[in-house]
Amino acid sequence: MEQKKATGVVERKKGGYRTIPLIIANETFEKVAMVGLRVNMILYLLQEYHFDPATGAIVIFLWNALTNFLPIFCAFLSDSWLGRFRVIAFGTLIHLLGLVVLWLTAIIRYARPECDVEPCANPTVVQLLVLFSSLALMALGAGGIRSCTLAFTSDQINNSENPQNDRIMKSFFNWYYVSVGVSISVSMVFIVYIQVKAGWVVGYGISMAIMSLSAIMFFLGSSIYLKVKPNKSLLIGFAQVIVAAWKNRHLTLPPKNSDIWYSPNGSNLVQPTNKVRFLNKSCMIQNKETDLDSNGMAIDPWRLCTVRQVEELKAIIKVLPIWSTGIILGTTISQQSFSVVQAGTMDREVFHMDIPSTSFTAFIILTLTLWVILYDRIIVPFTPKGFGLTVKQRMGIGLVISCLGTLVAALVENKRRKEAIKEGFIDNPRGVVNMSAMWLVPQYCLYGLAQGLNVIGQIEFYYSQFPQTMSSVAVSLWTLGLGVGNLVGSFIVKVVKDGTRREGKASWLASNINRGHYDYYYGLLFILNLLNLLCYFISSRAYGTTRDIESWDQELDTKSTLEKGRNR
């Protein structure tokens with residue numbers, strides 16, 4: 001008994017605010033190393049591997065898609081098997097390995113195609129294999145880090161017994177994004193600048209050194225982290241609910257407040273919700289003598305599941321319509337490769353400094369960061385009860401602003417193209433027009449504000465609708481939306497590039513940006529964003545209240561209390 005009490009005291013001493021800098025530093029440094037590299041990757045592909053802009057953009061789309069798809073895989077791996085600490089640890093080491101391979105492509109001359117005479121040679125299969133393997137390793141590593149960092153950090157400070165816990169967690173989500181925003185801004189400004197001015201070898205070498213520091217910082221705190229054990233039955237539980245619902249499909253659902261639902265003793269979830277009601281058949285007790293053993297447990301879990309299992313699967317199914325509206329936003333956000341090409345044809349001198357074309361995208365994160373500070377410290381305290389806008393309101397406003405961002409992008413590109421033609425650059429895509437690249441800033445600011453409202457709202461929404469044991473999955477859903485958005489973006493680019501190239505005319509997304517019509521492409525994105533906004537309003541209304549189940553973690557607390565009582 002004394003040994004168990006001592007163990008409990010040790011567990012309570014772990015976690016807390018002291019662990020946050022070590023965990024956040026890991027993702028912060030990962031983003032400093034990764035984001036600037038990713039923004040500049042379009043230039044690396046164009047200059048060193050001789051891709052055309054559309055092909056390079058497709059590669060970036062697919063890389064971003066892989067980077068955003070893998071977090072959901074890593075989240076399930078974390079919540080059902082390895083645990084969050086191990087997934088972050090493995091992700092950190094794999095990411096570092098990917099950076100090393102990319103750095104070697106910059107050092108070893110034969111790792112890239114030659115360009116001694118025009119036209120430049122195309123990359124060989126081996127060269128592409130080395131390049132793509134480095135991108136895949138970095139995507140896998142980033143998936144492990146990004147899927148679990150937010151959830152792992154919240155594990156350290158989340159305390160349901162604290163009456164201020166909801167307010168603390170809301171503030172935590174906002175300020176977490178501030179740290180992410182600052183790191184991305186630093187990366188976009190300084191890392192990008194170093195890569196452009198000092199060369200790829202120095203630039204990628206610095207990214208690799210930063211990632212090494214990230215790994216050291218994270219592993220330093222391994223002994224003081226609070227590590228929540230994974231729910232090893234999570235994926236199996238989902239499968240059991242689906243199979244049991246199919247086996248019991250012939251049953252008739254009972255009236256409300258029936259007592260035939262299977263809910264083990266000590267569970268607060270004693271009745272399923274009315275949404276996705278077909279799944280409720282998997283937790284109906286048909287005959288207590290044949291369905292339950294002497295301890296009240298299900299004899300066949302593939303025919304009878306708990307109410308909690310049913311509601312965990314429902315939680316994912318119910319959010320899918322709203323989640324799907326983040327796909328077009330992800331597509332819109334991932335269009336920055338084209339804006340980098342635009343900036344390269346514009347006057348980039350700001351305060352007598354020649355700013356790299358990729359650094360202007362830092363205004364996205366700068367706007368996002370300023371919005372979070374303004375919202376958390378000024379707007380929220382003056383709203384009723386100090387809770388600010390609801391998550392669904394923030395997501396909707398973010399989508400409205402995304403529509404405005406694409407409209408502004410179309411108008412600015414239309415003006416830039418007319419200016420290029422007026423100055424005689426119709427056949428010179430590298431000619432710099434007499435138009436400041438600062439014209440691109442308004443659309444960047446709108447994209448940043450859209451992310452500050454919609455993306456943070458998405459994370460908080462998913463987190464609030466799932467139990468703590470599924471928080472990694474909840475946090476990873478929005479990156480999954482970005483991943484699907486990247487795939488949709490690459491598909492749209494391919495269709496537009498091929499579909500608008502007819503009868504000898506240049507396509508909208510021609511290699512010569514002045515011959516193309518990138519403004520028409522942005523106009524197409526504007527229309528898609530309007531349709532997406534309409535879908536969001538319908539999905540949000542259909543979802544209804546976000547407070548169907550308020551006892552996810554109270555149930556966990558109850559079980560924990562019962563176990564402590566038995567230990568005593």
Side-chain angles (χ1 to χ4, degrees), residues 34 36-67 97-140 192 195-196 199-205 207 334-345 356-358 425 427-431 486-487 489-502 504-516 518 521:
M34 180 74 163
L37 179 151
R38 187 176 61 193
V39 170
N40 248 358
M41 184 55 66
I42 185 66
L43 298 181
Y44 191 59
L45 296 178
L46 297 180
Q47 296 172 7
E48 301 298 332
Y49 286 84
H50 316 141
F51 289 4
D52 63 79
T55 303
I58 290 174
V59 172
I60 300 298
F61 274 134
L62 295 176
W63 182 33
N64 288 338
L66 184 63
T67 303
L97 177 61
L99 278 171
V100 171
V101 175
L102 182 65
W103 186 48
L104 291 176
T105 66
I107 293 177
I108 302 173
R109 182 64 193 89
Y110 295 106
R112 308 184 310 279
E114 296 181 359
C115 192
D116 297 330
V117 294
E118 294 287 346
C120 298
N122 292 324
T124 65
V125 174
V126 175
Q127 289 169 341
L128 289 176
L129 182 62
V130 174
L131 173 67
F132 293 155
S133 65
S134 70
L135 300 182
L137 286 170
M138 287 187 289
L140 180 59
V192 167
Q195 288 173 358
V196 172
W200 304 113
V201 174
V202 175
Y204 290 165
S207 293
S334 61
Q335 302 300 314
Q336 306 316 315
S337 296
F338 292 135
S339 62
V340 169
V341 177
Q342 289 174 259
T345 68
S357 57
T358 49
F425 293 133
D427 292 315
N428 181 13
R430 297 185 179 181
N486 293 142
L487 285 182
S490 64
F491 174 75
I492 293 174
V493 168
K494 180 66 174 175
V495 171
V496 171
K497 180 184 176 182
D498 295 340
T500 57
R501 184 171 51 199
R502 297 177 180 176
K505 295 182 180 179
S507 73
W508 291 0
L509 301 177
S511 298
N512 183 342
I513 189 174
N514 298 328
R515 282 281 183 186
Y518 285 68
Y521 176 69

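For the numbers below, each heavy atom of this structure counts, side chains included, while hydrogens, waters and symmetry mates do not. The residues of the chain are indexed from 1 along the displayed sequence.
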Quiz item: Between Leu66 and Ala136, which heavy-atom pair has the shortest distance, and what is it?
Solution: CD2-CA, 4.1 Å
Quiz prompt | Any side-chain donor near an acceptor of the partner, Thr500 and Tyr521, under 3.5 Å | solution = no
Practice problem: State the CG-CZ distance between Asn514 and Phe425, to the nearest 0.5 angstrom. | Solution: 8.5 Å
Quiz item: When rounded to the nearest 0.5 angstrom, what distance separates OG1 in Thr55 from NZ in Lys494?
Solution: 7.5 Å
Practice problem: Would you indicate whether the side-chain heavy atoms of Met41 and Trp63 approach each other to under 4.5 Å? | Solution: yes
Exercise. Search all heavy atoms of Gln127 against all heavy atoms of Tyr49 and return the closest pair with its distance.
Key: O-CE2, 4.2 Å
Quiz item: Quick one: CG on Leu45 to CG on Leu43, what's the gap to the nearest 0.5 Å?
Solution: 9.0 Å
Quiz item: Do Trp508 side-chain atoms and Lys497 backbone N/O form a donor-acceptor pair below 3.5 Å?
Solution: no
Quiz prompt | Trace of the side-chain contact (heavy atoms from CB on, under 4.5 Å) decision for Phe491 with Leu487 | solution = CA-CA 6 Å; Phe491 174 75; Leu487 285 182; over 6 Å; no
Self-check item: Shortest non-hydrogen separation from Glu114 to His50 and the atoms involved
Solution: O-CE1, 3.4 Å
Exercise. Going by the side-chain contact (heavy atoms from CB on, under 4.5 Å) test, name the single residue among Asn122, Val59, Ile42 that passes it with Phe51.
Key: Val59
Quiz item: If we only count heavy atoms from C-beta on, is the Pro123 to Leu131 side-chain gap below 4.5 Å?
Solution: no
Quiz item: If you round to the nearest 0.5 Å, how far is CZ of Phe338 from CD1 of Ile513?
Solution: 9.0 Å
Quiz item: Hey, mind stepping through Trp200 and Glu48 against side-chain contact (heavy atoms from CB on, under 4.5 Å) and telling me if it holds?
Solution: CA-CA 10 Å; Trp200 304 113; Glu48 301 298 332; 3.4 Å; yes
Quiz item: Looking only at heavy atoms, what is the nearest atom pair of Ala111 and Leu104, with distance?
Solution: CB-O, 4.5 Å
Quiz item: What's the spacing between Leu102 CG and Tyr44 OH if we round to 0.5 Å?
Solution: 5.5 Å
Quiz item: Taking atom CG of Leu129 and atom OG1 of Thr124, what is their separation to the nearest 0.5 Å?
Solution: 9.5 Å
Quiz item: Taking all atoms of both residues into account, what is the closest heavy-atom pair of Asn512 and Asp427, and its distance?
Solution: ND2-CA, 3.7 Å
